[in-house]
Amino acid sequence: MPIARPRRNTVRTAASTLGALSLLVALSACMDSATDTVPASTVAPPSATTAAAEARINIKGFSFIPQDLTVRPGAKINVINSNSVPHTVTATDGAAFDTGQIAPGQSVTFTAPDTPGSYAFICSLHPRMKGTLTVA
Ligand SMILES: [Cu+2]
């Protein structure tokens, strides 16, 4: 069964990853209870940033999805590049926001302007890619 074999391997890998994870959790829980001082969480996991984002732009096939979105002032906007080449989300006014290059498969989070208004943006690498961020 050539199809079943890789599937079984995937399940086993996931299971052992889970096992390693719960071991880590158990270890850190152990360390936490052993020390009276609670260590300040110095580094937030990347997923926390993503979870805190209030809006998302997905880049697919040289398009921003959605092309137009509305957020509140100062909102965190997560941008995922699902394409195979780098892209940016860059305000055409040049200063409001600019993600810089987002590598294929990567995501970044930027902060929407505090001033309500309509902000056109492009990909600075592919200026025909256009969208509008409305802050309201
Ligand atoms: Cu681009």
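Every heavy atom of this structure was used, including side-chain atoms; hydrogens, water molecules and symmetry mates were not. Both ligands and their constituent atoms are indexed starting at 1 by order of listing.
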Please say yes or no: joined through hydrophobic side-chain contacts below 4.5 Å, possibly via intermediate residues, are V89 and F62 part of one cluster?
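V89 clusters together with F62.
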Under a single-linkage definition using a 4.5 Å side-chain heavy-atom cutoff for Ile, Leu, Val, Met, Phe, Trp and Tyr, are F64 and V85 assigned to the same hydrophobic cluster?
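F64 clusters together with V85.
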Which distance, rounded to the nearest 0.5 Å, do you find between the CD1 of I59 and the CD1 of I65?
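Answer rounded to 0.5 Å: 9.5 Å.
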Do Q106 and N81 pass the side chain to side chain contact (heavy atoms under 4.5 Å, CB included) test, and can you show the C-alpha distance, the side-chain angles, and the key distance before you say yes or no?
CA-CA 6 Å; Q106 297 300 300; N81 182 3; 5.7 Å; no
Taking 2.8 Å as the upper limit, name the protein N, O or S atoms near the Cu ion (ligand 1).
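Atoms qualifying: H87 ND1, C123 SG, H126 ND1.
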Given L133 and F97, is the side chain to side chain contact (heavy atoms under 4.5 Å, CB included) satisfied, shown in steps?
CA-CA 10 Å; L133 175 67; F97 50 86; 3.6 Å; yes
Per-pair distances, 0.1 Å, donor-acceptor, side chain in residues 112-131, under 3.5 Å, sequence neighbours excluded:
{"unit_1": "Y119", "atom_1": "OH", "unit_2": "T115", "atom_2": "O", "d": "2.5"}
{"unit_1": "S124", "atom_1": "OG", "unit_2": "T88", "atom_2": "OG1", "d": "3.2"}
{"unit_1": "H126", "atom_1": "ND1", "unit_2": "H87", "atom_2": "ND1", "d": "3.1"}

